[in-house]
Structures are given as C-alpha cells and as structure tokens.
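Okay, so here's the structure we're looking at.
This structure is a prediction, so every number in the text was calculated from the model and none was measured.
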Amino acid sequence: MASQEKNKIYIDKEALWALALVQEGLLYPVSTLMNQKEMEEVNQTGFYKNQSFPCPFLLSPSGKRNHEVLSTIKKGETLDIVSENKIVGEITAEESYKIDKFQRLEKIMGGDLSTEEATMTLQRLGEYAISGEYNVIFDDIKIAKETLHQKIKLLNAKKITGVMMSAKPFHRAHERMLREELDDCDLLVIFLLKPYKKDLMGYALREKCTQYIANHFLLKDKICILPLDDTYLFAGQNKKLLHAIVAKNYGCTKLIVGENTPNLSIYYTDNIRHSVFDRLKGVDIETKIISEYVHCSLCKTLVSKSTCPHGHHHHTNYNAESILELLKLGILPPSILVREEISAMILSSFYPNRFKNLKKLYYDLVPSSGILGDGNEEEFYTQLMQLYQNPFQI
C-alpha cells in the first residue's frame, strides 16, 4: 500500500481545472508547469515569455502524502494524478523543489493577505512544487472551446467581446451593459463564473436566468454562454489579469468589466483613469471598463452614472448583494431592478412548494380566463409582480 501511495499525487477539482486550462492552451504562453528557474523569473518580473503573467503557474498541493511524495521524487518518475478518489491523469517529474508558501500566496493574491479568501488559499498550498509534462482528463473546457469555435465560425466573427459575470442575480444593469456592447461586436461571450463552493444561488439557476434573458431580450444568435470555473488560483487583483489572458486565448478581442467590479484598483491622475489593467503587457486584447448604471427618478430610465446630470439622491443603485438579500428574504424586488421573470425563477427555486394552496391563490388574486389551469409557483410570482405594477385609479 505504501509503495502505491508513492506513485500518486492528490489534488482537488480546482487544481484539476487549472491544469486542464493550461493543457487546452487557455493560459498561453504558459503551456506546462513552471520549474524553479521560471518561477523565480515570474516572481521577480511579473512576465513570462515577454507577456504579463501575475503569478507562477505551479502545482504545489498540500497534504502529508503529497509532501512525502514530492520531497522524495526523482526526475523521470511518473505519478498518477488523483482527484476525488479517481485517477484523472499523470505527470512525469522534471523537477521537484521547495517553495515559500507565503511568497506564493502573495503572488496569487496580488494584494491583501488578511482576507478570508487568502486564508483559504494558504491552506491549499504545500511546501513543494513539481514541474514536468502532464496530461489530465477534464472534458468541460474542451467542450466549451469547441462550442465557441463553432459559433465564431458560423458568424465569421471578427470582433468578439468577452465579459465575466456571476449574474447573482441577473439585473437590469447587466442587461443594459450587454445590450449596448452587442452594438459594437460580432459575438458576445458571457463567461459565467462557476465557483466550487456550494451556494443558494447555484450555477444551474444562474445559467437558466442568463439564458432566459439572452433568448427573450437580447440578440441570442450573437451570444455564447460558457462556464468559467472560479477557483482560488484566480484571486485578488490578479483575477482580472488572468481573466483577460483566458478571454484572449478563447478568441476574444475585447474584455469588458463593470466599474464597480472588485479588485479593479481604479484611481485617477490628471482626469485619466487607471486600473489593474495598466499592468497588462503583451496580451493582445482590448480592455474596457464600463461606467456604473443607475436608475434615475428624473430621467425615468436606466442611465450611466458618469453622464447623468442629476445627483445621487435621484439614483437607484443596482447593488447585486442587496438585491439578492431581498430575494433570500422571499421579497420580490421592484421590476426596475430585476425582470419579474427572473425574480420568479429565483424565488421558486429558493422557496419550492412555498404555498399550501397555490390554485386558490390563483383563483382569488390574479386575473384568469375562468379556466383554472395548473399554474406553477414561477408563473404565480410573475403574475403577482404584474399586479404590483398596475396603476390604481378611483
């Protein structure tokens, strides 16, 4: 049993996804795990093969068994890569070397090390890294690449815009941002972030909402929705730089980011806006920061905060966390914040079988043709929201 363990290295699904990302060429020019010399070069310069790369791409998994294997492995030995009790690939060792975990954490985060995210990341880092040729099995990325490639070919798309979104929840400002960008591109790629931790508003629900908006209110033929795993390896300020590199390698020519997105590090000098993207060199992709949208009570519509002439006291903000808090409490957000259909999808997911006698509520409260059908909770929420919107006159 002991000898068998010496031929294995154990990683989590997030590390597996990162290995597959490089294997599919989506973190190019990185094409394999970095050796010690390459690690030191990236740590010192922030560049890899004349291109910005914020932190070395290493495999340094934590755990006692991994420590024993990586501290004793010899060049040329082959290890099975194991994730969730399954062999998912193999690696042939070129070099195994000790790393400074705290320096590694600093390079991953690119900023504050006192956050909960930093603490969780540190727990996943081991003291030894391994470099060498590897291959892993992870079909999700390969499928996403092929899906986008076919869409680009079908549309003969040249101007391809990418946007990274959590859509948690998908609100009106998201819709406005995407609608305006569709005027300026041949194809819009929505990279829907897919975290590994469990969440009340999981990926499937967010994908359903995003797809609904694309199908019913946007130019769906010009939109491609792809999952993008949101892992601890994409953390802090470096997350945006790595997102730009991934988008470029997927085929995007432009990346748009909302102004209120965390870790952009926006500041102004001489009325010129600067951000973390100023550090991005040698990556052939345009980056654009979108001004924040608000609903103005005087303009009576959704406007850019930077161009609206009215004060903030006339503005309704699209704060995703606060909107989600309403939904968690079972409250329908106003339709100027979230489309009623989206609120209905989310509430019916958060509170399944909420109503004891749904048919009676239908009959008592909402207009009907006189024929009582089998309306579900999602439809009931939608019709209830329409009642909120109806003006009352005497």
Side-chain angles (χ1 to χ4, degrees), residues 9 11-12 14-23 25-63 66-79 81 91-115 117-136 231-246 248-249 263 265 276-283:
I9 185 172
I11 64 173
D12 56 28
E14 297 182 63
L16 173 60
W17 174 80
L19 290 173
L21 201 68
V22 166
Q23 183 172 278
L26 294 175
L27 281 179
Y28 183 84
V30 175
S31 58
T32 190
L33 293 164
M34 295 181 183
N35 57 36
Q36 186 171 9
K37 182 180 178 181
E38 291 170 324
M39 176 197 72
E40 291 171 352
E41 180 183 347
V42 174
N43 278 340
Q44 291 173 7
T45 67
F47 281 80
Y48 182 72
K49 295 184 178 179
N50 300 316
Q51 177 179 301
S52 291
F53 209 84
C55 62
F57 184 73
L58 308 179
L59 181 61
S60 56
S62 62
N66 288 331
H67 183 278
E68 291 174 355
V69 170
L70 295 182
S71 61
T72 58
I73 192 170
K74 305 298 182 184
K75 182 177 180 178
E77 291 184 0
T78 298
L79 299 173
I81 301 173
I91 180 170
T92 300
E94 173 197 321
E95 183 181 358
S96 178
Y97 53 95
K98 197 165 187 177
I99 65 169
D100 182 334
K101 289 173 56 175
F102 291 95
Q103 183 188 46
R104 172 72 174 148
L105 178 66
E106 182 182 4
K107 294 300 179 181
I108 289 176
M109 298 299 299
D112 190 0
L113 303 186
S114 63
T115 63
E117 185 179 30
T119 301
M120 292 177 61
T121 300
L122 181 62
Q123 294 172 352
R124 296 168 181 263
L125 301 178
E127 296 182 355
Y128 282 85
I130 182 173
S131 66
E133 295 297 320
Y134 71 87
N135 64 79
V136 292
T231 81
Y232 64 90
L233 295 173
F234 281 30
Q237 292 183 7
N238 288 337
K239 180 182 293 188
K240 303 309 167 193
L241 301 180
L242 290 169
H243 279 170
I245 293 170
V246 169
K248 182 256 183 183
N249 286 315
N263 297 312
S265 301
V276 68
F277 289 123
D278 292 350
R279 293 162 44 197
L280 194 63
K281 309 295 182 183
V283 182

Discussion item. Suppose we screen for side chain to side chain contact (heavy atoms under 4.5 Å, CB included). Which residues come up paired with Glu94, at least two apart in sequence or across chains?
Written reply: Asn35, Ser131
Worksheet item: What residues form a side chain to side chain contact (heavy atoms under 4.5 Å, CB included) with Lys98, not counting sequence neighbours?
Response: Glu127, Tyr128
Discussion item. Please check if the number of heavy atoms outside Tyr28 that lie under 6.0 Å from its OH is greater than 12.
Written reply: no
Item to complete: Calculate, to the nearest 0.5 Å, the distance between atoms OG and CD1 belonging to Ser62 and Ile11 respectively.
Response: 11.5 Å
Fill in: CG-SG distance between Leu242 and Cys55, expressed to the nearest 0.5 angstrom
5.5 Å
Worksheet entry | Heavy-atom pair of closest approach, residues Leu59 and Ala15 | CD1-CB, 4.4 Å
Worksheet entry | Tyr97 side chain near Leu58 side chain, heavy-atom distance below 4.5 Å | yes
Practice prompt. Apply salt bridge (Lys or Arg N to Asp or Glu O under 4.0 Å) to Asp100 and list each qualifying residue two or more places apart in sequence or on a separate chain.
Written response: none
Worksheet item: Got a second to check how far Met109's CE is from Lys239's NZ, nearest 0.5 Å?
Response: 8.5 Å
Practice prompt. To the nearest 0.5 angstrom, please state how far the CD atom of Gln36 sits from the OG atom of Ser96.
Written response: 9.5 Å
Worksheet, complete the sentence: One should read off an interatomic distance between Leu16 CG and Leu21 CG, to the nearest 0.5 angstrom, of 11.0 Å
Discussion item. Side chains of Leu79 and Ile130, heavy atoms from C-beta outward: is any pair under 4.5 Å?
Written reply: yes
Worksheet item: Would you say the side chain of Ile73 lies within less than 4.5 Å of the side chain of Ile9, judging by non-hydrogen atoms?
Response: no
Item to complete: Could you pull out the closest heavy-atom pair between Val283 and Leu280, with the gap in Å?
Response: CG2-CD1, 3.7 Å
Worksheet item: Are any side-chain N or O atoms of Thr92 and backbone N or O atoms of Gly132, one a donor and one an acceptor, separated by less than 3.5 Å?
Response: no
Worksheet item: Listed by chain and number, what are the side chain to side chain contact (heavy atoms under 4.5 Å, CB included) partners of Gln23, not counting sequence neighbours?
Response: Tyr134, Asn135, Val136
Discussion item. Please check if the number of heavy atoms outside Glu40 that lie under 6.0 Å from its CD is greater than 12.
Written reply: yes
Worksheet item: Going by the side chain to side chain donor-acceptor pair (under 3.5 Å) test, which pairs reach into residues 46-58, not counting sequence neighbours?
Response: Glu38-Tyr48
Worksheet item: So, for Pro56 and Val42, which heavy atoms are closest and what is the spacing to 0.1 Å?
Response: N-CG1, 3.6 Å
Response to the item:
salt bridge (Lys or Arg N to Asp or Glu O under 4.0 Å) filter on Lys240, not counting sequence neighbours, yields none
Item to complete: Measure the spacing between OG1 of Thr78 and CD of Glu133 and express it to the nearest 0.5 Å.
Response: 11.5 Å
Discussion item. Within the 4.5 Å heavy-atom criterion, are Asn238 and Arg279 side-chain neighbours or not?
Written reply: yes
Worksheet item: How about Leu33 and Leu19: do any of their side-chain heavy atoms sit closer than 4.5 Å?
Response: yes
Worksheet entry | Minimal non-hydrogen separation, Lys107 against Asn43, with atom names | NZ-O, 2.9 Å
Worksheet item: How about Ile108 and Leu125: do any of their side-chain heavy atoms sit closer than 4.5 Å?
Response: yes
Worksheet item: Crowded around Phe102 CZ? As in, over 12 foreign heavy atoms under 6.0 Å?
Response: no
Discussion item. Using modelled atom types and a 3.5 Å cut-off, is there a donor and acceptor pairing between side-chain atoms of Arg104 and backbone atoms of Gly126?
Written reply: no
